[in-house]
2 protein chains.
Amino acid sequence: MRRTNIPEAAIRRLPIYLRVASELAAADVPIISSAELAERTGLSPEQIRKDLAYFGAFGTRGVGYDTSLLSRRIARILGLHRGVRAALVGVGHLGHALARYSISQHKDIQITALFDTDPEKIGTDVMGVRIQPVSQLVETCRQQGVKIGILTVPASAAQSTAELMKQGGIEAILNFAPAKLKLDGVFIQNIDLTIELQSLAYYTSASEEDPGEGE
Amino acid sequence: MRRTNIPEAAIRRLPIYLRVASELAAADVPIISSAELAERTGLSPEQIRKDLAYFGAFGTRGVGYDTSLLSRRIARILGLHRGVRAALVGVGHLGHALARYSISQHKDIQITALFDTDPEKIGTDVMGVRIQPVSQLVETCRQQGVKIGILTVPASAAQSTAELMKQGGIEAILNFAPAKLKLDGVFIQNIDLTIELQSLAYYTSASEEDPGEGE
DNA sequence: CACTGTGAATTGATTCACAGCT
DNA sequence: AGCTGTGAATCAATTCACAGTG
């Protein structure tokens, strides 16, 4: 019933709507129109209406969307209403920063386990979450019902760590390592800083095609 | 002549090809076919051929692509051949981690300036790059010819900081703040950790539509 | 012969335009 | 009257299928 014909692009926009809707609901703004949502998100009103309509009509014609209802519905669609547990592997500088940020910010996605191989780090904690050895990953993730993995290990360790995550019952991975993971049955989203920066360079006058060295 | 009909998606894949090609060239593998490239990147051979063909034919029919030539050509297309300077604003935990990583890793995109508003941080350095007050941003970026900005400030400061970046001559921004920047004439790429994690939850059994609280 | 390069076909996402509620 | 919800049209990206070439 789920995961059918709904564009992936639409799903990636739901958290944006969620953010705006819950901010407004918290500020006691009860209603927002697709036009206003468009204004605040930089998307088009039609796209917003279409995205929301994929999941059933929760607006009121002639009026708009109830911000409180909207935020609850989106949270439910994403499965955030009960709280989703995540584990982060590789507590280097980036991993540490992400862990701090996620542990402090998100109530809906909670990092409940941290793993590393460095004996110096194991046993220390990040904002109250203890760093465990990677050898504990499968067992701990299974015990805690962790569903999301955040991968901030070196590229060379990425594939094997991802496999452990799968064994531990993780169903979706946010991969920061510059490596393409091959892992069936697990949803993988890559964030690669090098790719982002390098492709950004293209949109810069630095790339203004000075006409090649010959060859 | 540039920025014409080439799909943005293709440009975002160039750094992937660049990585593989330069790794192979460094390992003295002189030639790679689109099929092998597909194998290593998880993309399709046709897509790779099409992407590369947008920028002119640099393969040899019946043979494949010269890895060394390929990496040089892509670097040139992206404008990386001369080195591109970047500035990072907001040296919190995430900013610090990204700065460390970028300063140490990338030769082609160099972070040459760091900015923050915190007097405690100003004057300290990250791997040899001194943190300056944001009040110096415009002047320093102009002086150094910085073209890329990395934005790791709180959401509330994102828009105003982005405007300073534009004033400083920055042409492309990698924005980690959860805010939609409105800024004409500057290419903006957003990375929003909350969005990534929340949309990941959808692909997890956590979201298995237990049928709502009614209303 | 084995590969690249590329028009044509397809698939997917966005935008348009309007019908349908409240 | 003013908004949502949605089929139809457009636009963009991917995949197909094969012609072209070293």
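Below, chain A is the first sequence line, B the second, and so on; all start at residue 1.
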Positive for side chain to side chain donor-acceptor pair (under 3.5 Å) with Glu163(B), one of Gln159(B), Lys166(B), Gln167(B) = Gln159(B)
Would you kindly say whether Arg49(B) and Ser34(B) are connected by a side-chain donor-acceptor distance under 3.5 Å?
->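 Yes, side-chain donor-acceptor contact under 3.5 Å.
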Using nucleotides 16-22 of chain D, report all nitrogen or oxygen pairs with the protein that are shorter than 3.5 Å.
residue	atom	partner	partner atom	Å
dG20(D)	N3	Arg61(B)	NH1	3.0

Output all residues satisfying salt bridge (Lys or Arg N to Asp or Glu O under 4.0 Å) with [X], sequence neighbours left out; order by chain, then residue number.
X	result
Asp66(A)	none
Asp108(B)	none
Arg19(A)	Asp192(B)
Glu196(B)	Arg12(A)

dT14(C) phosphate, OP1 or OP2, under 4.0 Å from Tyr54(A) side-chain N/O =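 For dT14(C), OP1/OP2 do not have a side-chain N/O of Tyr54(A) under 4.0 Å.
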How many whole angstroms separate atom [atom1] of [X] from atom [atom2] of [N]?
X	N	atom1	atom2	value
Leu14(A)	dA13(C)	CG	C1'	15 Å
Leu69(B)	dT4(C)	CG	C1'	14 Å
Asp51(B)	dA12(D)	CG	P	17 Å
Arg12(B)	dT14(D)	CZ	C1'	17 Å
Gln47(B)	dT11(C)	CD	P	16 Å
Asp66(A)	dT22(C)	CG	C1'	15 Å
Leu52(A)	dT14(C)	CG	P	14 Å
Tyr65(B)	dA2(C)	OH	P	18 Å

If a pair satisfies side-chain hydrogen bond (donor to acceptor under 3.5 Å, both in side chains) and one of its residues is in residues 168-177 of chain B, list it, with sequence neighbours excluded.
-> Ser205(A)-Glu171(B), Asn175(B)-Asn190(B)
So side-chain hydrogen bond (donor to acceptor under 3.5 Å, both in side chains) across residues 178-188 of chain B, not counting sequence neighbours, yields Glu39(A)-Lys182(B)
Do any of residues 21-44 of chain A sit with a heavy atom less than 4.0 Å from DNA chain D, and if so which?
-> Ser33(A), Ser34(A)
Comparing Ala9(A) and Phe58(B) on DNA chain C - which has the more 5′ nearest nucleotide |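 In this pair, the answer is Phe58(B).
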Side chain to side chain contact (heavy atoms under 4.5 Å, CB included) partners for Ala10(B), two or more places apart |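 Checked Ala10(B) against side chain to side chain contact (heavy atoms under 4.5 Å, CB included); matches are Ile6(B), Pro7(B), Arg13(B), Asp51(B), Tyr54(B).
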First of Arg13(B) and Gly59(A) reached from the 5' end of DNA chain D, by closest nucleotide = Gly59(A)
